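Data block below; observations after.
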Amino acid sequence: MIRTVSTKPYSDQKPGTSGLRKKVPVFQQPNYVENFVQSIFDSLEGYQGKTLVLGGDGRYYNREAIQIIIRMAAANGFGKLMVGQGGILSTPATSNMIRKYKAFGGIILSASHNAGGPHEDFGIKYNSENGGPAPEKITDRIFEISKKISQYKIADVGPVDLDKLGTTKAGDMTVEVFDPVKDYAELMESLFDFEAISAMIKGGFRIQFDAMHAVTGPYAKEILERRLGAPDGTARNYHPLEDFGGHHPDPNLVHAKALYDDVMSPSGPDFGAASDGDGDRNMVVGKGIFITPSDSLAIIAANATLAKGYKKGIAGVARSMPTSGAADRVAEKLGVGFYETPTGWKFFGNLLDAGKVTLCGEESFGTGSNHVREKDGLWAVLFWLNIIAARGESARQIVEKHWAEYGRNYYSRHDYEEVETDRANALVAELRGKLASLPGTSVRGMKVAAADDFAYHDPVDGSVSEHQGIRVMFEGGSRVVFRLSGTGTSGATLRVYVERYEPDKARHDLDTQEALADLIAAADDIAGIKSHTGRDKPSVIT
Ligand code: VG1
Ligand code: CO
């Protein structure tokens, strides 16, 4: 039986950089999930009888939300719902399922790298039929609808057994519980040279992959250990847990420090990698070298033809604005297209669909390609393994040769988390107010060449996205960028991105924070970070 339930709107259901993210108790309020899901459905047209893909990163509240969504999808007229076994489905695997099975769209339950548990974060995001995050015009529509919603539809059907593979019915809708790993593993095998990687592993090359108790555990077990033959134990923390073992499933030098330390120790593995809550981020570490995500994008672009899925070359490269310019120089040398987009994967979708770019990347540990429409953690790890196997060189040799050829972009991001929202907004407002007066002035002996509030003009659909981050560019190519996070759930997070280009090979072995010290000080001079936030240092440096 289908029921129409009266409801009152919540005012805070505005999707951020990637979907709606809030604390679990917020989602547990009466009708909160229902309102948002109905708002998603009401923002769409023509889904009657079509397929919806559903899954999540396994965090607390995943299973409850899945049951609600199944009942609502049935009531709203979807013909079929495909859900990952156990409610598990990584973000890139969801993207693949939508594309491969020509679904109408998908819903991913995740708050990515944010902590999970009864008092931590949960999230809901909608992906369109191209497999990518809903574009701004849809997320804006969802928010508008959510502010006015007065009813939702739900079917009175019992819970679906999420652990049992196979097909059942929820009302008139077919529900298929599928293996979340199989199609994804096949896709990876079609893109990379598994024989070469497996031969390298047989030859003694040692890998450690940290799934951080999040969604990539089952994927890494299957791909690295079963298909590539790496020894048992290569994937660590591979059981998805509702609270991620009490950690942040955030693959960076702070939260994946144990893995980093292992790779750096003389007896440790040759290569280490980690992924985040929903499997779209990656951190890669070679012996003796941490590879920044910005460099990773550039190096993958420069070596792309070594992987079988990219043998014919790449159409172009796109990076988010705060990501370092390392990839730009590779694109220039290859003579392919290059695009700079706002933060967030949804802005890459049009470029990928139009065939303008093959590779995309963000400084926040996100890299991906046209194989899906999301960033993809394990894909990046396999790409690196493929490049290392094909070149027969260590990750460190590959990176250092790359710098020698193209120059090095020293790069770091400083995050000030949980700043009072008013204070963060005041900092940004003041900064905007003085942008016009900055060019031509000198800060710490460096001359400001230009300063603006980044606006993106989508070359495919002509849409414009404004206020995407404040850039201050110095003569010589250094820059600092300021923006507020769109994924946090308490207070505001100020992100300060600092970059300096160093062409001179003799100066490629400096400590990153030292190499950037002048720019870091200049960022504070320009934006008054300390005085506005009341903090004397960032919460996280990556
Ligand atoms: C952050 C990153 C951004 C990334 C987004 C979603 O957004 O900076 O690059 O696309 O997270 O990543 P923000 O607005 O907090 O800076 V994920 O792994 O949550 O899909
Ligand atoms: Co993520």
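Remember, it's 1-based here, ligands and their atoms both numbered in the order they're listed. Because the structure is a prediction, the values reported are computed rather than measured.
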query = Can you list the protein N, O or S atoms less than 2.8 Å from the Co ion (ligand 2)?
reply =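 Per the 2.8 Å query on the Co ion (ligand 2), atoms found are Ser112 OG, Asp276 OD2, Asp278 OD1, Asp280 OD1.
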
message = Take a 6.0 Å sphere around NZ of Lys530 and say whether it holds more than 12 heavy atoms from other residues, nucleotides or ligands.
response =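 No, the 6.0 Å shell around NZ holds no more than 12 heavy atoms from other groups.
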
Run through all N or O atoms in ligand 1 and write down each protein N or O closer than 3.5 Å, as a pair with its distance.
unit_1, atom_1, unit_2, atom_2, d
ligand 1, 9 (O), Glu362, OE1, 3.2
ligand 1, 9 (O), Glu362, OE2, 2.8
ligand 1, 9 (O), Ser364, OG, 2.6
ligand 1, 10 (O), Glu362, OE1, 2.7
ligand 1, 10 (O), Glu362, OE2, 3.4
ligand 1, 11 (O), Arg281, NH2, 2.9
ligand 1, 12 (O), Arg281, NH2, 3.0
ligand 1, 12 (O), Lys375, NZ, 3.0
ligand 1, 14 (O), Thr17, OG1, 2.5
ligand 1, 14 (O), Arg483, NH2, 3.0
ligand 1, 14 (O), Gly486, N, 2.6
ligand 1, 15 (O), Ser485, OG, 2.6
ligand 1, 15 (O), Thr487, OG1, 2.5
ligand 1, 15 (O), Arg495, NH2, 2.6
ligand 1, 16 (O), Arg483, NH1, 2.6
ligand 1, 16 (O), Arg495, NE, 2.7
ligand 1, 16 (O), Arg495, NH2, 3.4
ligand 1, 18 (O), Ser112, OG, 2.4
ligand 1, 18 (O), Asp276, OD2, 3.0
ligand 1, 18 (O), Asp280, OD1, 2.9
ligand 1, 18 (O), Arg281, NE, 2.7
ligand 1, 19 (O), Arg21, NH1, 3.3
ligand 1, 19 (O), Arg21, NH2, 2.8
ligand 1, 19 (O), Ser112, OG, 2.8
ligand 1, 20 (O), Ser18, OG, 3.4
ligand 1, 20 (O), Asp280, OD2, 2.9
ligand 1, 20 (O), Lys375, NZ, 3.0

key: Check: Tyr184 ring centroid to Tyr219 ring centroid under 6.0 Å   =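 Yes, ring centres under 6.0 Å apart.
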
ask   = Are Tyr310 and Phe383 near enough that their ring centres are under 6.0 Å apart?
value =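 Yes - the distance between ring centres of Tyr310 and Phe383 falls below the 6.0 Å cut-off.
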
ask   = Does the distance from a Lys or Arg side-chain N to an Asp or Glu carboxylate O, for Arg59 and Asp121, drop under 4.0 Å?
value =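 No, no charged N to carboxylate O under 4.0 Å.
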
ask   = ring pair (Phe, Tyr, Trp, His ring centres under 6.0 Å) with Tyr406: which residues, sequence neighbours excluded?
value =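 Here the qualifying residues are His402.
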
query = When you measure from the centre of the six-membered ring of Tyr501, is the NZ or CZ of Arg329 under 6.0 Å away and within 45° of the axis?
reply =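 Flagged: Arg329 positioned over aromatic ring of Tyr501.
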
query = Just by distance, do the side chain of Asp524 and the backbone of Ile529 share a donor-acceptor pair under 3.5 Å?
reply =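 Yes.
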
inquiry  = Checking Ser112 now: which residues fulfil side-chain hydrogen bond (donor to acceptor under 3.5 Å, both in side chains) with it, not counting sequence neighbours?
reply    =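 Residues passing side-chain hydrogen bond (donor to acceptor under 3.5 Å, both in side chains) with Ser112: Asp276, Asp278.
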
query = Do Met212 and His247 have side-chain heavy atoms sitting under 4.5 Å apart?
reply =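 No - every pair of side-chain heavy atoms lies 4.5 Å or more apart.
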
